[in-house]
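What follows is one structure encoded as structure tokens, with my remarks underneath.
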Amino acid sequence: MTTQQSPAPTSQWATNSPVEQAFFLLRTVFTIAPIVFGLDKFAGLLTDWEDYLAPWINDLVPGSAHQAILAVGVIEIVAGLAVALAPRFGALLVAAWLAGIILNLLTMGEYYDVALRDFGLLVGALALALLARARHSATGR
């Protein structure tokens, strides 16, 4: 007696396809990283985040630089959760947030290396948004 095996999925969204794996990797990192960085705004273990706040932005926001950084932390946590729950939209939120960070750093005239790194992350977030849109169109999820 032979058992009939179902044919392997041909969709690019097959469970082990490189496209699905890339989507999974990007979704994971753009969920975890913003949440970790957001939480660290409250703990201050990684760096002194206030050093990265441009003076003109500090002048625009109410309260102290520390309070502004705490608000940034909340936004980053929300962005990470948005990627986890709705990557088509959350990835765009992260990309926009990274664009703001890059603008902040460039206008400081410092931290060009961090701005360049964040540009690479912005491109990765846009790639995730494209993959998420295509995945949603193909699978409805």
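Residue numbers run from 1 in the order of the sequence given.
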* Asked: Testing Leu105, Asn104, Ile101 for side chain to side chain contact (heavy atoms under 4.5 Å, CB included) with Tyr111, which one passes?
  -> Leu105
So, for [X] and [Y], which heavy atoms are closest and what is the spacing to 0.1 Å?
{"X": "Leu106", "Y": "Ala115", "value": "CD2-CB, 4.0 Å"}
{"X": "Val61", "Y": "Ala68", "value": "CG2-CB, 3.7 Å"}
{"X": "Ala54", "Y": "Thr107", "value": "CB-OG1, 4.0 Å"}
{"X": "Gly63", "Y": "Asn58", "value": "O-OD1, 4.4 Å"}

Is [X] linked to [Y] within one hydrophobic cluster, defined over Ile, Leu, Val, Met, Phe, Trp and Tyr using a side-chain heavy-atom separation of less than 4.5 Å?
{"X": "Val114", "Y": "Val72", "answer": "yes"}
{"X": "Leu98", "Y": "Leu103", "answer": "no"}
{"X": "Leu122", "Y": "Leu128", "answer": "yes"}
{"X": "Val29", "Y": "Leu39", "answer": "no"}

* Would a 4.5 Å heavy-atom cut-off, applied to side chains only, mark Leu46 and Phe37 as touching? -> yes
* To do: Give a yes or no on this: more than 12 heavy atoms of other residues, nucleotides or ligands lie within 6.0 Å of atom CZ of Phe42.
  => yes
* Residues which pass ring pair (Phe, Tyr, Trp, His ring centres under 6.0 Å) with Tyr112, listed by chain and number, not counting sequence neighbours -> none
Cut-off 3.5 Å, no hydrogens considered: what does the side-chain donor-acceptor table look like for residues 80-97, sequence neighbours left out?
residue	atom	partner	partner atom	Å
Trp97	NE1	Glu76	OE2	3.4

* Hey, could you give me each pair passing salt bridge (charged side-chain N to carboxylate O under 4.0 Å, His left out) that has a residue in residues 121-133? Not counting sequence neighbours. => none
* **salt bridge (charged side-chain N to carboxylate O under 4.0 Å, His left out) contacts touching residues 100-124 (sequence neighbours left out)** => none
* **Hydrophobic cluster partners of Leu130 (side-chain heavy atoms under 4.5 Å)** => none
* **Hydrophobic cluster of Val36, others only, ordered by chain and residue number, side-chain cut-off 4.5 Å** => Ile32
* Please name all residues satisfying side-chain hydrogen bond (donor to acceptor under 3.5 Å, both in side chains) with Thr28, sequence neighbours left out, ordered by chain then number. => none
* Between CG of Leu131 and CD of Glu20, what distance do you get to the nearest 0.5 Å? -> 9.5 Å
* To do: Return yes if some donor-acceptor pair links the side-chain N/O of Gln67 with the main-chain N/O of Ser64 below 3.5 Å, else return no.
  => yes
* **All pairs passing side chain to side chain donor-acceptor pair (under 3.5 Å) where residues 45-54 contributes a residue, at least two apart** => Asp40-Trp49, Glu50-His66
